[in-house]
There are 2 protein chains.
Amino acid sequence: MRVRLEDVARATGVSPKTVSRVLNEEASVKESTRQRVLAAMESMNYRPSPAARGLAGSRSFLVALLYNNNDNPASTYLAEVQDGVLDACDAHRYSMMACPLRTRGQDFIRRVDALVSDHQIDGVIVTPPLTDYAPLLQRLQEHGVPHASISPVQHKGAIGVCMDEQHAAKALVDHLVELGHRRIAHIVGIANHGASRWRLAGYKEALAAAGIEFDPSYVAQGEFTFGSGVIAARQLFELPQPPTAIFASNDDMAAGVMWAANERGLKLPRDLSVCGFDDTPLATQLWPSLTTVRQPSREMGKLAALQLMERLRGRGPGLLVQVPYALQLRESTAAAP
Amino acid sequence: MRVRLEDVARATGVSPKTVSRVLNEEASVKESTRQRVLAAMESMNYRPSPAARGLAGSRSFLVALLYNNNDNPASTYLAEVQDGVLDACDAHRYSMMACPLRTRGQDFIRRVDALVSDHQIDGVIVTPPLTDYAPLLQRLQEHGVPHASISPVQHKGAIGVCMDEQHAAKALVDHLVELGHRRIAHIVGIANHGASRWRLAGYKEALAAAGIEFDPSYVAQGEFTFGSGVIAARQLFELPQPPTAIFASNDDMAAGVMWAANERGLKLPRDLSVCGFDDTPLATQLWPSLTTVRQPSREMGKLAALQLMERLRGRGPGLLVQVPYALQLRESTAAAP
DNA sequence: GTGCAAGATGACAGCGCTGTCATATCTGCC
DNA sequence: GGCAGATATGACAGCGCTGTCATCTTGCAC
């Protein structure tokens, strides 16, 4: 019925163990044997049973993608990351399980335990803001399960992928400065997210570089959602000297700013320049289209998974790779009024 | 190290096989024995090994979520469906694997085969437009793998979940008619999607009910994307008698219509009413906010998964359940000019 | 009581692999 | 040519469960 390792062994005239060695890319197999075995595997369309491998050995060839399910980052972001991870898994014959985690309560500990001990997960990919959630990372360490991080705050010792968000944010604000803006406001995201910190830091850096004094009243608190963008913008509009440009920490909030601007009768981008961050599909669906920073989420998912598997296969410790960002200058930013 | 079935058996004073029976909810176990075993499992925190179960038995307790990866429906939609499915799986101790499928070429056959024979998937959940992709369904049948469908065109014999989209679309157009619109245009989605057909049918039904003659020139072709909405709208605006209302087959295209309207200097909703379908987050992020139909995607994912598991556990054949829709009347629709 | 079907439980092999350890084969070098 | 030390391969048990079939209890009719 099913082609087994033993069948391949018989066809090649070697022992099952040798076929197993080839399958697992172990070193001590003569090249000629290896080729014969591989050929047989191919021609017989042999596909190893993950269940048997998991049961007999110590590896499951399973990785888990962990994401936060209450403080949800945009689902488009996660979907892209997930697709990237699946891509990488496919290429290396790993399988992926998606695992939403609620960090409230102790639920998540049980879930992580269940994952690791039930399925003997080989490794984990952690997405923000879980990336820096200490109890989770600690638990993973206790289980001895390696993890790759996407955009971790703490770079030291981390493997995975990151982007120079601070630099990107600075470039974006530089652009506003070049357009002649001086009263530039910023809407920060949820406080303990790395993204919020980096983008704020980039904003400050750009101001400093342009010789504009930092004014805390131009910084409004948001929480990465459309609605919070609306509220923050309304606040900024009430200032005695309202900003001529607003840099929102992500696209959703930027959309909220645009909504609030429309509500107030401001004409974009003539009366107000707006920019966001992430380059979600939303950015090109707004009117005017949104100036933002492209974050290659899919690519990042893929790279993180690759680093994890590099590590799992013992081909090295795995790295924290950096991906380039790309400014997307569109119609929502224009010369200061 | 790990608590095994055998340990539970020893603690309870029964044979491993009996514990296995309890685990699998088989009938012929005396109630008192069952309780003792369950208590022992609980107190010892026993967690069965999926690998061993899969290897020894015929079930893997794994379901796959299949989705299309080239003709992608909105990722927010998929993300919601996936979360719903995960919810249901969690509740019934099943695990889920996400499987993007490219329907181009023969790749997908290999992928499906791999899934089914590698992981011995117990069942599959199919999302549109895969729901009616004949080669896929046939292959699943050949493998003897049951599947649940989300919004299948072919209701007969299907299990899963659906919504009365035609009725919803009719209700939406009824609303436009009540606002006094007579020149109502429709932008259809990708041709062979059930969603496109139903929504078009509802549009026609509403026109007929209002005594408005159907005019094919008021129907433009789109493909569910923002860009196609822009193009279709531009086309409609060029008509000698441009429409006063446009019903786009989904929210993304409706956003495109709004973009095109802005581009043309039309003031919404004064000069043009626009409505969409799906109630994606986008709908409330546009300005003016979009009148649309809420589709409870998350709930639908959950229900489909529940029906599938019902079937897998042999508790019945599984049903095709229908979920209610909800009109979301917002600011993008107003009285006809 | 006895006999017999149905109900409840157990013994045992084996699912398809890998870990461990033993064995065979090949190097190079004196 | 022979021997140490690598290099390459194989034998075998066992991972944690479930399927099959056998066995042991029951309950119940006669």
Side-chain angles (χ1 to χ4, degrees), chain A residues 1-38 40-41 44-62 93 95 117-120 122 312-314, chain B residues 1-38 40-41 44-62 93 95 114 116-120 122 312-314:
Chain A
M1 157 187 155
R2 164 177 201 126
V3 182
R4 290 156 310 151
L5 187 141
E6 192 193 335
D7 302 325
V8 177
R10 196 153 27 215
T12 326
V14 298
S15 77
K17 181 67 218 189
T18 298
V19 178
S20 167
R21 288 196 175 95
V22 173
L23 188 62
N24 292 293
E25 303 179 12
E26 287 174 31
S28 65
V29 178
K30 213 201 302 180
E31 184 56 25
S32 62
T33 320
R34 217 176 73 83
Q35 290 304 337
R36 274 190 305 138
V37 171
L38 284 175
M41 280 180 173
M44 302 173 77
N45 191 28
Y46 168 69
R47 341 202 79 261
S49 150
R53 295 228 268 179
L55 184 57
S58 48
R59 291 176 305 170
S60 62
F61 298 91
L62 257 182
R93 293 176 158 267
S95 296
S117 59
D118 284 12
H119 293 282
Q120 298 184 191
D122 285 345
L312 293 180
R313 312 177 126 207
Chain B
M1 154 188 160
R2 163 177 202 125
V3 182
R4 290 156 310 150
L5 186 140
E6 191 192 336
D7 303 325
V8 177
R10 196 151 29 216
T12 326
V14 297
S15 76
K17 180 67 217 189
T18 298
V19 178
S20 166
R21 288 195 176 95
V22 173
L23 189 61
N24 292 292
E25 303 180 11
E26 286 175 31
S28 64
V29 178
K30 215 200 303 181
E31 184 55 26
S32 61
T33 319
R34 217 177 74 83
Q35 291 304 338
R36 274 190 305 140
V37 171
L38 284 175
M41 281 180 173
M44 302 174 78
N45 190 27
Y46 168 69
R47 341 202 81 260
S49 149
R53 294 229 270 179
L55 184 57
S58 48
R59 291 176 306 171
S60 62
F61 297 90
L62 255 183
R93 293 177 158 266
S95 296
V116 173
S117 59
D118 284 13
H119 293 282
Q120 297 184 190
D122 286 344
L312 293 180
R313 311 176 127 209

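Every chain is numbered from 1, with letters handed out A, B, ... down the list of sequences. Just so we're clear, the structure is a prediction, and the values are computed from it rather than from any experiment.
Rounding to the nearest 0.5 angstrom, the gap separating the OH atom in A:Y46 from the CD atom in A:E6 is 11.0 Å. Atoms CG and CE, from B:D7 and B:M44 in turn, are 5.0 Å apart once rounded to the nearest 0.5 Å. From A:M41, atom CE reaches atom CZ of A:R36 across 12.5 Å, with rounding to the nearest 0.5 Å.
By the neighbour-count criterion of 12 heavy atoms within 6.0 Å, atom CZ of A:R313 is densely surrounded, having more than that number from other residues, nucleotides or ligands.
In this entry the distance linking CG of B:L23 with C1' of D:dG19 reads 15 Å, nearest Å. Rounded to whole angstrom, the span from the CD atom of A:E31 across to the C1' atom of C:dC26 amounts to 17 Å. Rounded to an integer number of Å, the gap from A:H119 NE2 to D:dG16 P is 16 Å. Per the geometry, CD belonging to A:E6 stands 12 Å off C1' belonging to C:dG14, to the nearest Å. Protein atom CZ of B:R4 is 16 Å distant from nucleotide atom C1' of D:dT18, rounded to whole Å. The CG-P distance, from A:L55 to D:dC15, rounds to 9 Å in whole Å. As rounded to whole Å, 13 Å separates atom P of D:dA8 from atom CD of A:E26. Rounded to an integer number of Å, the gap from CD of B:Q120 to P of D:dC17 is 16 Å.
Every residue meeting the salt bridge (charged side-chain N to carboxylate O under 4.0 Å, His left out) condition with B:R47, not counting sequence neighbours, appears here in chain and number order: A:D118. With sequence neighbours excluded, the residues that form a ring-ring contact (aromatic ring centres under 6.0 Å, His included) with B:F61 are B:Y94.
The side chain of B:N24 sits closest to D:dT18 out of C:dC17, D:dT18, C:dT9. You'll find that the side chain of A:A52 is closest to C:dC17, out of C:dT9, D:dC17, C:dC17. Residue B:L5 places its side chain closer to D:dC17 than to any other of D:dA8, C:dT18, D:dC17. Relative to the side chain of B:K30, the nucleotides C:dT9, D:dG16, C:dC17 differ in distance, and C:dT9 lies closest.
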Name each donor-acceptor pair under 3.5 Å that joins a side chain in residues 49-58 of chain B to protein atoms two or more places apart or in another chain, with its distance.
residue	atom	partner	partner atom	Å
B:S49	OG	B:A51	N	3.4
B:S49	OG	B:A52	N	3.0
B:R53	NH1	B:N24	OD1	3.0

Residues 26-33 of chain B side chain polar contacts: donor-acceptor under 3.5 Å, at least two apart:
residue	atom	partner	partner atom	Å
B:E31	OE1	B:R34	NE	3.3
B:E31	OE2	B:Q35	NE2	2.6

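When each of B:V37, B:T12, B:V8 is tested with B:V22 by the rule side chain to side chain contact (heavy atoms under 4.5 Å, CB included), just one qualifies, namely B:V37.
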Every protein N/O within reach of nucleotides 3-7 of chain D N/O, cut-off under 3.5 Å:
none

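Less than 4.0 Å separates DNA chain C from at least one heavy atom of each of the following residues of residues 12-21 of chain A: A:K17, A:S20.
For B:S60 and B:H119, the side-chain atoms include no donor-acceptor pair closer than 3.5 Å.
Between A:T33 and D:dT9, a side-chain N or O to OP1/OP2 separation shorter than 4.0 Å is present. Phosphate proximity of D:dT18 to B:S58: absent, as no side-chain N or O sits under 4.0 Å from OP1 or OP2. When the side-chain nitrogen and oxygen atoms of B:R53 are compared with OP1 and OP2 of D:dC17, none of them lie within a distance under 4.0 Å.
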